[in-house]
Amino acid sequence: MSQAIAMPHPGAVGEKHPKGLYILFLTEMWERFSFYTVGGMWALYVQNQQQGFGWSQDQATGIWSYY
């Protein structure tokens, strides 16, 4: 006779995520945060008349949207 092997349910109580998944999440979260922060700073910089390029808001957001 064949016996069925009991497989644990994917949502079984006591099952936890691997420790590395938390590190991966935090790394990805801060990478996205810094990406969009630098993008916003770049858009403000290129619009600055004295230190930047003096672009209009439409030019700056147009280039950023292409990126």
Table please: side-chain donor-acceptor pairs of residues 49-58 below 3.5 Å, with sequence neighbours left out.
residue	atom	partner	partner atom	Å
S56	OG	Q59	N	3.2

Aromatic centroids of W64 and Y67 separated by under 6.0 Å: yes
Exceeds 12 heavy-atom contacts within 6.0 angstrom, atom CD1 of I23: no
Nearest heavy atoms of A43 and A60, plus distance in Å: O-CB, 3.9 Å
Distance-only criterion, 3.5 Å: show the donor-acceptor pairs between side-chain atoms of residues 29-36 and protein atoms not counting sequence neighbours.
residue	atom	partner	partner atom	Å
S34	OG	W30	O	3.1
S34	OG	E31	O	3.0

Residues clustering with Y22 (ILVMFWY side chains joined when closer than 4.5 Å, directly or via others): none
Transitive ILVMFWY cluster of L44, excluding itself - 4.5 Å side-chain cut-off: none
